[in-house]
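Naming: A, B, ... by sequence-line order, numbering from 1 per chain.
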2 protein chains.
Amino acid sequence: MAGTTVDEMLAVLRRDGDRVTSAKRAVLGVLTGSDEHLTAEQVAEGVHATHPDVHRSTVYRILDNFERRGLVSHVHLRHGPSVYHLTADQHHHLVCEQCDGVVEVPDKAMTGLRKVLLRDYGFSFDTPHFALTGRCRACRARESG
Amino acid sequence: MAGTTVDEMLAVLRRDGDRVTSAKRAVLGVLTGSDEHLTAEQVAEGVHATHPDVHRSTVYRILDNFERRGLVSHVHLRHGPSVYHLTADQHHHLVCEQCDGVVEVPDKAMTGLRKVLLRDYGFSFDTPHFALTGRCRACRARESG
DNA sequence: TTCCGTGCAAACAATTTGCAATAGA
DNA sequence: TCTATTGCAAATTGTTTGCACGGAA
């Protein structure tokens, strides 16, 4: 585990020779302060609440840096911007194509699939980089299907 | 099934009041003539072999039209452009994050996962719009893991 | 004769990059 | 001091759109 508290994450940066800046602190603050998955744009917004002068491109660069350090992951839920979350909080995403809702599922739910893919294709399915698409409970009920 | 031969697909278009144009025929020709998954750009290239004057934007519009008619589907395998294939040829995609290789797997391999998601989350996972990412057999062997 | 389809140029959204100035260690 | 980091503007990538003309039905 790469560390889950802000201090642990800052330690990861220092260990790798990166510098700890206020912009990085602010980005970490926004990410740890939200359960939601945030787009880079939303992270920038959050950062601007306290640091109005941090540029959008800096946020992109920081998120990219954090991702290379294993602190942050990004996922594609649908078309449009991807969303970021702390790597420590790993899970898979079910996105309803009808209502656009997102259901988070623990990795445990993938155990069976993982076995099948490994056994039959030698493929280790480990990093949830994309969502699974389909139709959620509510939408299925609504349309009696 | 929406039809798999070019004639059947053209019939779908006519049935819906769409016009059958040479650009549409050319796009269908390229798609049926390739096992590969093609980006819109590659489809345009293929079309240009016989119809050099068909504009890229027209190809996008045609692909979009075909998709709404259920003839074609697009999938995101990684960052960058999405790829198109005939809907009749449905399958899931495993993309290796190390070598970028793509393994196609039949829907059958998802039966177990589909059951779990339906039972535990009421979610019907039906449309493979995104790839599953991980590491393929060759890359795992190469790194002894 | 309709009105869908198309070419073209321009707009767009999300993200990346080059560069010079700034600021952590 | 030394070099990672940042702000800014501009470039890139993939895709969409407005408009007026041309071609299927």
Donor + acceptor pair across side chains of B/D107, B/H91 (<3.5 Å): no
Tell me: [atom1] of [X] to [atom2] of [N], nearest whole Å?
{"X": "A/R78", "N": "C/dA14", "atom1": "CZ", "atom2": "P", "result": "13 Å"}
{"X": "A/L38", "N": "C/dA14", "atom1": "CG", "atom2": "C1'", "result": "16 Å"}
{"X": "B/D16", "N": "D/dA25", "atom1": "CG", "atom2": "P", "result": "14 Å"}
{"X": "A/D53", "N": "C/dA21", "atom1": "CG", "atom2": "P", "result": "19 Å"}
{"X": "B/K24", "N": "D/dA24", "atom1": "NZ", "atom2": "P", "result": "11 Å"}
{"X": "B/Y84", "N": "D/dT15", "atom1": "OH", "atom2": "C1'", "result": "8 Å"}
{"X": "B/E67", "N": "D/dT15", "atom1": "CD", "atom2": "C1'", "result": "13 Å"}
{"X": "A/D18", "N": "C/dA23", "atom1": "CG", "atom2": "P", "result": "19 Å"}

Going by the angle between their ring planes, with limits at 30° and 60°, are A/H85 and A/H93 parallel, tilted or perpendicular? tilted
Taking the inter-plane angle between the rings of A/H129 and A/H74 on a 0 to 90° scale, is it parallel (under 30°), tilted (30 to 60°) or perpendicular (over 60°)? perpendicular
Give a yes or no on whether a salt bridge exists between B/R56 and B/E41, defined as a side-chain N under 4.0 angstrom from a carboxylate O. yes
Check this for me: does any side-chain nitrogen of one of A/R68 and A/D16 sit under 4.0 Å from a carboxylate oxygen of the other? no
Taking the six-membered ring for Trp, are B/F130 and B/H92 ring centroids under 6.0 Å apart? no
Just by distance, do the side chain of A/H55 and the backbone of A/S57 share a donor-acceptor pair under 3.5 Å? yes
At less than 4.0 Å, is any side-chain N or O atom of [X] found next to OP1 or OP2 of [N]? Yes or no.
{"X": "A/T21", "N": "D/dA4", "result": "no"}
{"X": "A/S82", "N": "C/dT15", "result": "yes"}
{"X": "A/S57", "N": "C/dG18", "result": "no"}

For B/D126, which residues count as a salt bridge (charged side-chain N to carboxylate O under 4.0 Å, His left out) partner, sequence neighbours excluded? none
Among C/dG5, D/dC2, C/dG7, which is the nearest nucleotide to the side chain of A/R19? D/dC2
Neighbours of DNA chain D within residues 58-66 of chain B, by heavy-atom distance under 4.0 Å: B/Y60, B/R61
Take the C1' atoms of the five end pairs on each side of the helix from C/dT1-D/dA25 to C/dA25-D/dT1, derive the two axes, and give their angle rounded to 10 degrees. 30°
Return whichever of B/S22 or B/R56 has its heavy-atom-nearest nucleotide of DNA chain D closer to the 5' end. B/R56
What about B/Y121 and A/V95, same hydrophobic cluster or not, with Ile/Leu/Val/Met/Phe/Trp/Tyr joined at side-chain heavy-atom distances under 4.5 Å? no
